[in-house]
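A short worksheet on the structure shown next.
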Amino acid sequence: MRASVLELILRGVHLGGSHVLGAVHLTLAQGETMALVGPSGVGKTTLLRVIAGLEVRYDGTCSVSGPVAVVFQEPTLLPWRTAIQNITLATGIPLDRAQHALESVGLGDRASDFPAQLSLGQQRRLSLARAFAVTPDVLLMDEPFVSLDPQLADEMMDLFANLRDAQGVSTILVTHMDSEAKRLADRVVTLGGSPAAITSNETLRR
């Protein structure tokens, strides 16, 4: 049985007077990929923000054994910094490791380019490189393949899977696509209801 790298015991999240999330108990095993699904607005992104430490207005406990990296829906890059600076400034790693991170996503020759000089797909690659550069124990991904054409989304999923497997990182992937969940995840957790809670927890692979 694989060791757990994350345990979230959530009794509730109240934001702006609304009860956004109810009781949620999540665990994530070492090397496991969990797909988190559910209707828009149900609280999936809020749940990721709680785990990442970006949302502290909650009742409960969250224990993570090691660094956490986040890949947001939008690349969230610094537009006035080059591609390699977007990695070094955000992670504190040296230039040689940042260059290696760029090469790992096929952007080795774009280190001096600014985000505006990169396509959306390349910006997503840069965001992925930045996340994996810190060698996280837990990676949180919020619909990272949305708005990409099918071929590019397919390439990005392959790239993510290769990087994930190489590092053995545990991942929570928020997605609306059943095909993404079945392709990438070991387990699918569904949020539903109001306030949102886990309505199903399906193992895809053992």
Could you pull out all donor-acceptor pairs under 3.5 Å where a side-chain atom in residues 30-37 meets a protein atom, sequence neighbours excluded?
from, atom 1, to, atom 2, distance (Å)
Q30, NE2, G168, O, 2.9
E32, OE1, A29, N, 2.9
E32, OE1, R187, NH2, 3.2
E32, OE2, R187, NE, 2.7
E32, OE2, R187, NH2, 3.3
T33, OG1, R164, NH1, 3.1

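- Judged by distance alone, with hydrogens and angles left aside, the side-chain atoms of R124 form a donor-acceptor pair with the main-chain N or O of Q73 at under 3.5 Å.
- The shortest distance between side-chain heavy atoms of N86 and R130 falls below 4.5 Å.
- Proximity of E55 to L47: side-chain heavy atoms (C-beta onward) are nowhere separated by under 4.5 Å.
- Residue L126 is tested with L77, D113, I84, V105 for a side chain to side chain contact (heavy atoms under 4.5 Å, CB included); the sole match is L77.
- A side-chain donor-acceptor contact under 3.5 Å links K44 to the backbone of P39.
- When every heavy atom of V42 is checked against every heavy atom of G193, the shortest pair comes out as CG2-O, 4.1 Å.
- Distance alone, capped at 3.5 Å, is enough to place a donor-acceptor pair between the Q85 side chain and the T82 backbone.
- At least one side-chain heavy atom of F160 sits under 4.5 Å from a side-chain heavy atom of T171.
- Using a 4.5 Å heavy-atom cutoff, the side chains of I198 and T190 are not in contact.
- Between R183 and D158, at least one side-chain N (NZ, or NE/NH1/NH2) sits under 4.0 Å from a carboxylate O, which counts as a salt bridge.
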Donor-acceptor pairs are to be reported for all side-chain atoms of residues 132-141 against protein atoms at under 3.5 Å, with residues two or more places apart or in another chain.
none

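- A donor-acceptor pair is defined here as one N or O able to donate and one able to accept, closer than 3.5 Å; such a pair exists between the side chain of Q122 and the backbone of S119.
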Please report, to 0.1 Å, the donor-acceptor pairs under 3.5 Å made by any side chain of residues 5-24, with sequence neighbours excluded.
from, atom 1, to, atom 2, distance (Å)
E7, OE2, H25, NE2, 2.9
R11, NE, D59, OD1, 3.1
R11, NE, D59, OD2, 3.4
R11, NH2, D59, OD1, 3.2
H19, NE2, L21, O, 3.1

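- Checking side-chain atoms of S127 against main-chain N and O of Q123 turns up no donor-acceptor pair under 3.5 Å.
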